[in-house]
Undergrad: 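Attaching a single structure in structure tokens format; questions to follow.
These numbers come from the heavy atoms of this one structure, side chains and all, not from hydrogens, waters or symmetry mates. Each chain gets a letter, A, B and so on, in the order the sequences are listed, and its residues count up from 1. Predicted model, so just to flag it, every value in this text is computed and none were measured.
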Protein chains: 2
Amino acid sequence: MLNETAMAALEQTGATEPEKRIRDRSATERAILKAAKNLLAEEGFQNFGINAVARRAGCDKQLIYRYYGGLDGLVEAIGADLGNWVKDRIPEDTGGMFLLTYGDLMERLSLLFLEALRDDPLMRRIVAWEISENTEQVRRLSEARSKALGLWLDRMRGSLTPPKGIDTAAVNALIFASIQHLVLSAAAGGQCAGLVLKNGKDWEKAATALKRLVRGVYG
Amino acid sequence: MLNETAMAALEQTGATEPEKRIRDRSATERAILKAAKNLLAEEGFQNFGINAVARRAGCDKQLIYRYYGGLDGLVEAIGADLGNWVKDRIPEDTGGMFLLTYGDLMERLSLLFLEALRDDPLMRRIVAWEISENTEQVRRLSEARSKALGLWLDRMRGSLTPPKGIDTAAVNALIFASIQHLVLSAAAGGQCAGLVLKNGKDWEKAATALKRLVRGVYG
DNA sequence: CCGGTCTGTCACCAATCGGTGAGTAACAGT
DNA sequence: ACTGTTACTCACCGATTGGTGACAGACCGG
């Protein structure tokens, strides 16, 4: 992979070493996984393939087959990290405010999720992948993600009792769906349903609208 | 393209004609466009390419270059049809009910949009395409779609005045985003954020949740 | 030192992709 | 009937894809 550049460097300077790859399996595995995640985050799933990952990782694709059993295994490894997403990207505390009602909770969670998704290109790509394809790969990824999200939601709810007479599962699904689509659409084209979403001010308006929506159902 | 099968038929029966393609440019153009739309609707944008469209249309890909100027032109032709989508798929009348308030209107529009999107695989693929890629192709498609949607929204609103003090643009964007993501997610994996969406009963629950959401903000 | 295992590289495969240039068959005008 | 245009097909191009088998060198136990 880097042979050409390395050779060129050698010919030019005659000093620099050929940048030999060290023999460290776990390091290579980590490099591959990292390359895959970065590639997926930056390029999207359209050009996500064995060759592209190997190229970015700077190693031969054969190693991906050996260490991960191909792309499927690699994707699964990515999914394994997804369980830590919530823990990594979303603060545990309640931001110093007391969440007295279910409405308080959902408002806070919605805004947290909005921000977290906005800041994580990889997760955005995965969500986009989920609704664009229906392969086994994606299904596993999707499962891991929704499970992690559900656990987070349960944990944050704590002992708060949801309001009676409302199908919270359906309503919350709609709320989170709206957040996901808003963020994805904005990331792709800078707008959503005609609503421009580029600078911070635009997002503030979206956030207040979201709050209003949540408060509308949950009071 | 059908030469092989035609030849085989000839060898077997010795009677059937070689299924010769008639020389009718406009018919061929229509066949190509139809093939492209069907292909996009059924297979998605992953395998949407010149070769695949030509294969499905049963003609040579050269004709796509000649008649549409390549895939871009073909996509643009698809986008041109998008303006008629609302007219074709969404009923004009108010369903026999009087829409007195803005809330009445938005509830009705939301449900109409939900159903229409659920029934149109092509439109679903386009929406999924929009949030997955950001090429010029998709941008034009997206533009045509959002413009048609906006016109429909304006027309249906009529002389109804939106409520004061609410950023209806942002709120409506969120509502429509939730619908789109819900439908796309369901079409891909049969569920959305853990909410199963398969049989009619599931969708009824989603519809009531949507109504509740809309009524929450708009009363 | 020798032999085997582990890590990494390389060359090659068939298939498919988008794209093009040349050719053929049917038609229309004269 | 000759001619030019239109509609269409075919063969080929280079590039890239996923995938595999063979090989080279480092390391380690004997």
Side-chain angles (χ1 to χ4, degrees), chain A residues 1-8 10 17-36 39-40 43-76 133 135-138, chain B residues 1-7 10 17-36 39-40 43-77 133 135-138:
Chain A
M1 30 78 212
L2 290 181
N3 284 350
E4 303 162 8
T5 56
M7 298 275 281
L10 267 175
E17 317 195 6
E19 190 80 48
K20 204 64 173 293
R21 167 165 292 277
I22 51 170
R23 291 167 56 88
D24 184 342
R25 168 160 180 165
S26 70
T28 309
E29 284 181 359
R30 270 181 281 119
I32 292 175
L33 186 60
K34 183 179 174 184
L39 182 68
L40 184 55
E43 306 280 339
F45 55 93
Q46 342 276 359
N47 301 90
F48 186 74
I50 283 279
N51 292 306
V53 173
R55 212 177 300 133
R56 176 173 277 238
C59 71
D60 198 274
K61 56 182 170 182
Q62 175 76 20
L63 300 182
I64 301 178
Y65 286 104
R66 272 219 261 281
Y67 298 156
Y68 291 96
L71 252 196
D72 295 5
L74 186 53
V75 169
E76 204 148 1
E133 238 176 3
T135 62
E136 193 57 35
Q137 282 183 6
V138 176
Chain B
M1 31 72 219
L2 291 179
N3 286 347
E4 301 162 10
T5 58
M7 297 276 281
L10 266 175
E17 317 193 5
E19 189 81 46
K20 204 62 173 298
R21 168 167 290 277
I22 51 170
R23 291 167 56 87
D24 184 343
R25 168 160 182 167
S26 70
T28 308
E29 284 182 358
R30 270 180 281 120
I32 292 174
L33 186 60
K34 182 179 174 185
L39 182 69
L40 185 55
E43 308 279 338
F45 55 93
Q46 340 279 356
N47 302 89
F48 186 75
I50 284 278
N51 292 307
V53 172
R55 212 177 299 132
R56 176 173 277 239
C59 72
D60 198 274
K61 57 182 170 182
Q62 176 76 22
L63 299 182
I64 301 177
Y65 285 106
R66 274 221 252 285
Y67 297 157
Y68 291 97
L71 251 197
D72 294 5
L74 187 51
V75 169
E76 205 148 3
E133 238 176 4
T135 62
E136 193 57 36
Q137 281 183 8
V138 175

Undergrad: Measure across B:Glu43 and B:Arg56 and return the closest heavy-atom pair with its distance rounded to 0.1 Å.
TA: OE2-NH2, 4.4 Å

Undergrad: Distance check needed: C:dT9 P versus A:Ile64 CD1, whole Å only.
TA: 12 Å

Undergrad: Which residue, A:Ile64, A:Leu63, A:Ile22, forms the side-chain contact (heavy atoms from CB on, under 4.5 Å) with A:Thr28?
TA: A:Leu63

Undergrad: Show the nearest heavy-atom pair for residues B:Ala77 and B:Leu33, with the distance to one decimal.
TA: CB-CD1, 3.9 Å

Undergrad: Less than 4.5 Å apart, side chain to side chain, heavy atoms only: is that true for A:Gln46 and B:Gln46?
TA: yes

Undergrad: To the nearest Å, give me how far apart OH (B:Tyr65) and P (D:dC10) are.
TA: 17 Å

Undergrad: Does the side chain of B:Arg30 reach to within under 4.5 Å of the side chain of B:Lys34, using non-hydrogen atoms?
TA: no

Undergrad: Whole Å only: how far is the CG atom of B:Asn47 from the P atom of C:dC17?
TA: 8 Å

Undergrad: Expressed in angstrom and rounded to an integer, what is the separation of B:Gln46 atom CD from C:dT16 atom C1'?
TA: 16 Å

Undergrad: Mind calculating the distance between CZ (A:Phe48) and P (D:dG18) to the nearest angstrom?
TA: 10 Å

Undergrad: With respect to A:Tyr68, which candidate in A:Leu74, A:Val53, A:Val75 satisfies the side-chain contact (heavy atoms from CB on, under 4.5 Å) definition?
TA: A:Leu74

Undergrad: Does the side chain of A:Val138 reach to within under 4.5 Å of the side chain of A:Phe45, using non-hydrogen atoms?
TA: no

Undergrad: Could you state the atom-to-atom distance from CG of B:Asn51 to P of D:dA15 in whole Å?
TA: 17 Å

Undergrad: Looking at A:Ala57 and A:Ile32, what are the two nearest heavy atoms and their distance?
TA: CB-CA, 4.0 Å

Undergrad: Quick test: give all pairs of protein nitrogen or oxygen and nucleotides 3-7 of chain C nitrogen or oxygen below 3.5 Å, distance rounded to 0.1 Å.
TA:
unit_1, atom_1, unit_2, atom_2, d
C:dC6, O2, A:Arg23, NH2, 2.6
C:dT7, OP2, A:Arg25, NH1, 3.1
C:dT7, O4', A:Arg23, NH2, 3.3
C:dT7, O2, A:Arg23, NH1, 3.1

Undergrad: Tell me, what's DNA chain D's dot-bracket, Watson-Crick or G-U with both distances under 3.5 Å, | for other-strand, [ ] crossing?
TA: ||||||||||||||||||||||||||||||

Undergrad: Which pair of non-hydrogen atoms, one from A:Glu29 and one from A:Tyr67, has the smallest distance, and what is that distance?
TA: CG-CD1, 3.8 Å

Undergrad: What is the separation between atom NZ on B:Lys61 and atom P on C:dG21, rounded to the nearest whole Å?
TA: 13 Å

Undergrad: Please pick, from C:dC17, D:dG18, C:dG19, the nucleotide with the shortest atom-to-atom distance to any side-chain atom of A:Ile50.
TA: D:dG18

Undergrad: May I have the distance from A:Asp60 (atom CG) to D:dG18 (atom C1'), rounded to whole angstrom?
TA: 13 Å

